[in-house]
Asker: 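The structure's right below; bear with me while I get my questions together.
Side chains included, hydrogens not; waters and symmetry mates left out as well; all remaining heavy atoms used.
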Amino acid sequence: MNAPLGDVGRGRGRRALASGLVAAVLLLVACGGGGGGGDRGERTRTDTTCDGRIEGTAQVTVWFHAGPSAEYNTLRRQVQDFNKAQREVRVEVVTLPEQRPYNELVLSAAASGDLPDLLDFDGPRLYSYAWSGKIKPIDSCLSDSLRKDLLPSIRQQGTYAGRLYGIGTFDSGLGLYVRPSVLKKARIRIPRSAEDAWTAREFTDILRTLRKAGYRYPLDMGLVDAKPGEEWNTYGFAPAVWSAGGDLIDPRTFRTADGFLNGPESVEALTTLQSWVQEGLVEPGRSAHTFLQERSAISWTGHWWYPDYTRKFPGDLAIVPLPDFGEGTVTGMGSWQWGVTSGGADGDAVWRFLAYLLKPDQIHRMSVANGAIPATRSAVKLSPEYAEGGAERLFIEQLTGGVARPRPRTPAYPAITEAFSRAFPKIMIDRAPVKATLDEAVEAIDKDLAAHDGYPKGGP
């Protein structure tokens with residue numbers, strides 16, 4: 001998977017993250033023996049999903065979101081290798097109908113009681129699944145050593161109500177891709193870290209300078225993918241709202257979006273983005289390749305474009321932080337995760353295969369295939385791109401240094417992203433009034449909150 005979540009990403013990245021198009025299901029299997037994640041004595045016993053024992057030979061079914069791709073092919077090979085390494089487990093790959101969105105299939109299966117035992121899902125949907133009882137906590141399955149090895153963003157993204165419900169083998173990151181030769185020629189400074197990010201005002205002047213240098217649309221923001229309902233809108237541009245001091249919902253109570261998504265900070269951030277479009281500084285959404293074609297000088301996007309960009313501009317590519325809209329630069333984070341569903345499967349059997357996928361060499365194997373960021377510190381060490389001075393080092397610094405922020409960790413997230421991702425193209429492409437458009441989004445979110453009684457902690 002080359003992109004972070006759901007529908008996030010463009011070009012090759014959409015192979016992996018196109019949340020609607022599905023894919024593949026794994027008929028996994030059973031693992032014998034105790035949890036592959038470490039000694040039982042190290043486990044944190046906050047649940048009973050794993051007890052260190054497997055009774056007999058267990059059959060475990062697994063669903064996976066991606067169809068034919070480097071990511072999917074890698075997973076197939078991992079399954080084959082896992083089968084060869086032991087006798088208790090068999091994995092068979094099955095294909096889901098591609099005409100139905102993946103999340104729609106998950107919800108339909110949940111309603112009919114047909115969920116698999118191990119489910120792959122886009123990170124921020126975890127909170128809704130956990131709240132509604134579709135998945136169960138897995139703290140008892142992890143060893144202390146594995147928990148410490150996970151990037152803090154992986155733990156944060158997978159935690160709901162103080163318990164770990166999901167775990168990913170890779171993470172994601174956003175940045176601005178630039179060509180140092182272009183910026184130096186235009187006498188534009190190149191940020192070296194998150195603390196050195198361009199301010200939004202400085203960035204506006206930079207775009208104007210680059211347009212004078214001959215770039216008709218100096219900034220590519222991926223508006224070609226900014227269709228209503230697409231996760232890219234929330235993942236890619238909520239960071240601008242957060243950076244300005246705004247939010248998508250009250251971050252303390254999660255009881256209302258009013259005064260937050262339509263608050264002055266949020267309005268100011270999105271007004272700034274809209275002004276770039278109105279001034280003609282942003283590629284209007286006609287192509288996903290303007291940076292590759294050298295028609296844009298800066299690309300606001302994620303880690304999944306790095307392979308294509310570095311092949312096109314070897315030795316002349318850098319990744320710098322997103323602009324600082326007033327409260328420091330912020331980046332998105334989170335990607336697809338695995339969760340154990342609430343059926344009758346043996347948790348230890350399910351965990352055995354998941355623990356295999358979390359081994360450093362297997363994480364590295366997948367991150368090489370999909371370009372994503374390894375989920376553990378030990379796997380990161382296997383990738384020179386993320387080492388000190390490496391081309392993609394910024395992504396690690398953001399995920400470990402507090403710059404990355406998860407999308408709202410609330411069961412209301414599906415309603416939040418639906419509302420925001422519909423408001424964003426209205427603002428950026430239709431050039432609708434910012435405040436009024438955000439008021440409409442707030443109304444939709446708060447209506448969902450009211451319909452679910454604010455999503456009480458005990459579940460539905």
Side-chain angles (χ1 to χ4, degrees), residues 1 5-6 16-32 35-36 47-50 54-69 71-72 74-76 78-80 82-83 88-138 140-141 158 160 164-169 335-358 362 366 414:
M1 143 168 167
L5 39 157
L17 278 177
S19 114
L21 297 178
V22 276
V25 178
L26 293 177
L27 195 69
L28 217 212
V29 256
C31 321
D47 58 70
T48 58
T49 301
C50 289
I54 295 177
E55 302 297 336
T57 300
Q59 297 295 318
V60 181
T61 58
V62 180
W63 283 17
F64 185 65
H65 73 280
S69 63
E71 182 181 33
Y72 178 61
T74 298
L75 185 58
R76 285 178 64 97
Q78 288 176 315
V79 167
Q80 292 169 359
F82 179 67
N83 284 340
E88 297 107 330
V89 177
R90 282 291 163 279
V91 177
E92 180 182 356
V93 179
V94 183
T95 302
L96 289 169
E98 294 189 10
Q99 67 272 22
R100 294 185 64 188
Y102 182 75
N103 188 58
E104 182 181 304
L105 288 169
V106 172
L107 296 178
S108 176
S112 60
D114 295 324
L115 281 174
D117 302 309
L118 181 61
L119 180 66
D120 172 61
F121 50 85
D122 194 10
R125 291 193 177 274
L126 175 147
Y127 318 119
S128 176
Y129 291 162
W131 177 79
S132 60
K134 294 180 179 64
I135 57 176
K136 53 189 177 182
I138 56 174
S140 61
C141 302
Y160 173 69
L164 190 71
Y165 281 86
I167 191 168
T169 61
S335 193
W336 289 84
Q337 296 189 57
W338 296 102
V340 179
T341 62
S342 299
D346 185 327
D348 291 278
V350 177
W351 179 254
R352 175 71 67 82
F353 177 71
L354 186 49
Y356 172 77
L357 296 182
L358 286 163
Q362 295 305 317
M366 180 58 76

Asker: After noting the C-alpha distance and the side-chain angles of Ile135 and Leu126, does the key distance pass the side chain to side chain contact (heavy atoms under 4.5 Å, CB included) rule?
Answerer: CA-CA 8 Å; Ile135 57 176; Leu126 175 147; 4.1 Å; yes

Asker: Do Glu71 and Phe64 have side chains that approach each other closer than 4.5 Å (heavy atoms only, starting at C-beta)?
Answerer: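 They are in contact (side-chain heavy atoms under 4.5 Å apart), so the answer is yes.
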
Asker: Closest approach of Val340 and Ile138, non-hydrogen atoms and distance?
Answerer: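 In terms of heavy atoms, the two residues are closest at CG2-CG2, 3.7 Å.
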
Asker: Short question: side chain of Asp348, backbone of Cys50 - any donor-acceptor pair under 3.5 Å?
Answerer: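 Pair absent, no side-chain N/O of Asp348 close to backbone of Cys50.
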
Asker: Determine, stepwise, if the pair His65 / Phe121 fulfils side chain to side chain contact (heavy atoms under 4.5 Å, CB included).
Answerer: CA-CA 7 Å; His65 73 280; Phe121 50 85; over 6 Å; no

Asker: Of all the heavy-atom pairs spanning Lys136 and Thr341, show the shortest one and how long it is.
Answerer: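 Scanning both residues, the minimum pair turns out to be CE-O, 3.4 Å.
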
Asker: Among residues at least two apart in sequence or on other chains, which ones pass side chain to side chain contact (heavy atoms under 4.5 Å, CB included) with Thr74?
Answerer: Arg77, Gln78, Arg365, Met366, Ala369

Asker: Considering all heavy atoms of both residues, which atom of Ser342 and which atom of Gly133 are nearest to each other, and what is their separation?
Answerer: OG-O, 2.8 Å

Asker: Applying side chain to side chain contact (heavy atoms under 4.5 Å, CB included), can you list everything that pairs with Lys134, at least two apart in sequence or on another chain?
Answerer: Leu107, Ala110, Leu115, Tyr129, Ser132

Asker: Identify the residue among Leu118, Leu75, Ile167 that makes a side-chain contact (heavy atoms from CB on, under 4.5 Å) with Leu357.
Answerer: Leu75

Asker: For the residue pair Trp63 and Trp338, what are the closest heavy atoms and their distance?
Answerer: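 Closest heavy-atom pair between Trp63 and Trp338: O-CZ3, 3.6 Å.
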
Asker: Taking Tyr102 for the side chain and Asp120 for the main chain, is one N or O donor matched with an acceptor at less than 3.5 Å?
Answerer: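 Side chain of Tyr102 to backbone of Asp120, a donor-acceptor pair under 3.5 Å: yes, one is there.
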
Asker: Asp117 and Ala345: which non-hydrogen atoms are nearest, and at how many Å?
Answerer: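 Asp117 and Ala345 have their closest heavy atoms at OD1-CB, 3.1 Å.
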
Asker: Between Phe82 and Tyr356, how do the two ring planes meet: parallel, tilted or perpendicular, split at 30° and 60°?
Answerer: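 The arrangement is tilted - the two ring planes meet at 30° to 60°.
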
Asker: Where do Trp351 and Cys141 come nearest, in terms of heavy atoms and distance?
Answerer: NE1-O, 3.2 Å

